[in-house]
Every structure is written in structure tokens, then in C-alpha cells.
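Scroll down for the structure; my scribbles are underneath it.
Both counts, for ligands and for their atoms, begin at 1 and track the order of listing.
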Amino acid sequence: MELYRFLQQQGFGGRKACRELVEAGLVQLDGQLAHNWRMALDMTAPPALTVNGEPWPLLPQPCYLMLHKPAGYETSHQPQHHRSVYSLLPWQFANLGISAVGRLDVDTTGMLLFSSDGQFVHSLSSPRKVIPKCYQVTARHALTLALAQQLLDGVLLHDETAPLAATAVTLLDEFRLNMSITQGKYHQVKRMVAAAGNRVEALHRIGMGELLLGDLPQGQWRLLTDSELALLGYTPPR
Ligand code: URA
């Protein structure tokens with residue numbers, strides 16, 4: 001593959017922009033300055049890439065990533081009142097057609113997945129995909145076993161024809177519980193907790209299926225491995 005094409009695939013812009021990066025002496029491959037924007041690269045052993053002095057983590061095609069979303073960011077390319085979650089990712093991702101898998105509310109923190117693979121984004125956001133999403137809820141009022149049971153039995157929300165039930169609920173302490181849901185309705189957890197007579201003060205997504213946020217620091221992102229994708233029941237088309 002020619003160098004400019006490789007840079008394009010890594011999100012550094014169009015052919016002209018990538019050519020200019022090389023001609024400006026800003027591209028290093030395996031620590032060596034690259035001079036020829038059309039030089040051929042052996043993609044069976046891709047070189048370590050540095051652009052403008054910054055090492056660039058090579059992105060697989062398509063790519064899959066996890067962000068630890070902080071509060072105060074909208075899950076939207078065109079945010080209305082806050083910053084966009086996309087502003088937490090390197091600008092190169094904007095050139096790769098990355099989309100978020102579903103949405104988290106502005107004040108919700110925790111795991112948010114993104115991908116340039118439309119099939120992945122679609123299949124995980126689809127109402128037919130039953131991947132449980134696990135949230136940690138901090139409630140305003142003391143939690144009770146009766147409330148946990150109500151969430152498990154199902155609560156009827158406005159505009160819904162059938163009750164929605166949590167697939168698992170674990171009380172952690174007086175004000176915190178973990179709950180899993182398989183649907184992704186608008187403000188679903190907050191509305192379910194409200195319908196059961198309490199109120200969500202803070203909401204944090206811990207994981208999806210077997211995939212956990214773990215100790216990824218808030219505001220940071222990382223690529224997902226193939227074995228993590230397998231935890232979501234997905235095999236990437238590579
Ligand atoms: N449920 C909510 O109420 N908010 C979220 O952000 C996610 C699930």
C-alpha cells in the first residue's frame with residue numbers, strides 16, 4: 001500500500017492533506033523520516049507511525065473503541081448545549097466515519113462504544129439484539145428490596161404499551177444498585193426508577209454483556225480487541 005493511502009486509512013485526511021504531511025517532513029515510519037508520499041509499504045508488517053512528533057496508535061480497519069464518558073458531554077455530532085463526546089476522541093476519527101453505539105444522557109457516565117463498522121453499530125443498537133447493559137444507579141431515596149423487585153417484575157412507562165423489566169438487580173448499599181436492561185428506550189433507567197417510586201441522582205454504565213469498563217480512566221478511550229468483540233457476540237469482517 002502506498003504511504004499516502006496508509007495515512008488516509010489512519011484518518012489523516014484526503015490524498016492532498018496526506019501528501020502535504022509527508023512533503024512537510026512530518027511523517028516518520030519506524031523512526032525514519034519518510035520522503036516519498038507514494039512509497040510502498042508492506043502491510044503484513046505495518047510500520048510504527050509518528051506524525052508531527054506524536055506516535056500514532058495504528059487503527060485496525062474497521063476499528064472499534066470504548067470511551068469512558070464523563071458527565072457533561074452529549075452523544076451527538078451536533079451537540080445542542082454541551083460538548084460532543086466526539087471531541088474526546090482524536091480528530092483523525094472524524095475522517096473514519098466513527099459512530100457511537102446508542103446514546104448516553106449528558107449526565108450519564110461510563111462505557112460508550114464507537115465504531116467505523118456500520119454493521120456493528122447497527123446490530124448492537126438494534127432493539128432485537130439482547131445484550132444486557134449494566135448500569136450503576138445512585139438513588140435519591142434509600143433503596144428497598146420492594147423497589148428492586150418492582151424493577152425485576154416490570155414497570156409501565158408513559159408511552160409504552162407493555163411493562164419494561166430489568167433482567168438483573170443487585171442492591172449494593174443504601175443508595176446504590178446495579179441493574180441490567182436489554183432495551184434502550186429514551187431515559188429508560190431513570191424512568192424505570194422513577195416509576196418504581198425513587199429518583200436517579202447519578203447513572204454510570206459499567207458494561208455491556210460480558211464487556212466491562214474496568215479501570216479505563218474517565219475521559220480516556222482505547223481500542224477493543226477481537227476477544228472483547230467476541231464477548232459481545234461479534235466477529236469483525238477483517
Ligand atoms: N438510561 C437512562 O435513563 N439514561 C442513560 O443515559 C442510559 C440509560
| Angle class for the Trp221/Phe93 ring planes (parallel below 30°, perpendicular above 60°, tilted otherwise)? | perpendicular
List the atom pairs, donor and acceptor, that lie under 3.5 Å between side-chain atoms in residues 5-15 and the rest of the protein, sequence neighbours left out.
residue	atom	partner	partner atom	Å
Arg5	NH1	Gln8	OE1	3.1
Gln10	OE1	Trp56	NE1	2.9
Gln10	OE1	Leu59	N	2.7
Gln10	NE2	Leu59	O	3.1
Arg15	NH1	Tyr4	OH	3.3

| task | Could you identify which residues cluster with Leu212, counting Ile, Leu, Val, Met, Phe, Trp and Tyr as linked when any side-chain heavy atoms lie under 4.5 Å apart, either directly or through a chain of such contacts? | result | Ile206
| query | Can you check ring-ring contact (aromatic ring centres under 6.0 Å, His included) on Tyr135 and His204, steps first, answer last? | reply | CA-CA 5 Å; Tyr135 294 89; His204 178 71; 9.2 Å; no
Which atom pairs, one a donor and one an acceptor, fall under 3.5 Å between side chains of residues 22-35 and the rest of the protein, sequence neighbours left out?
residue	atom	partner	partner atom	Å
Glu23	OE2	Arg19	NE	3.1
Asp30	OD1	Ala48	N	2.8

Are any protein N/O atoms closer than 3.5 Å to the N/O atoms of ligand 1? If there are, list each pair with names and the distance to one decimal place.
residue	atom	partner	partner atom	Å
ligand 1	1 (N)	Val189	N	3.1
ligand 1	3 (O)	His187	O	3.2
ligand 1	3 (O)	Gln188	N	3.4
ligand 1	3 (O)	Val189	N	3.3
ligand 1	3 (O)	Lys190	N	3.1
ligand 1	4 (N)	Asp105	OD2	2.7
ligand 1	6 (O)	Asp105	N	2.8
ligand 1	6 (O)	Asp105	OD2	3.4
ligand 1	6 (O)	Thr108	OG1	2.8

| query | Is there a donor-acceptor contact under 3.5 Å linking the side chains of Asp117 and Ser115? | reply | no
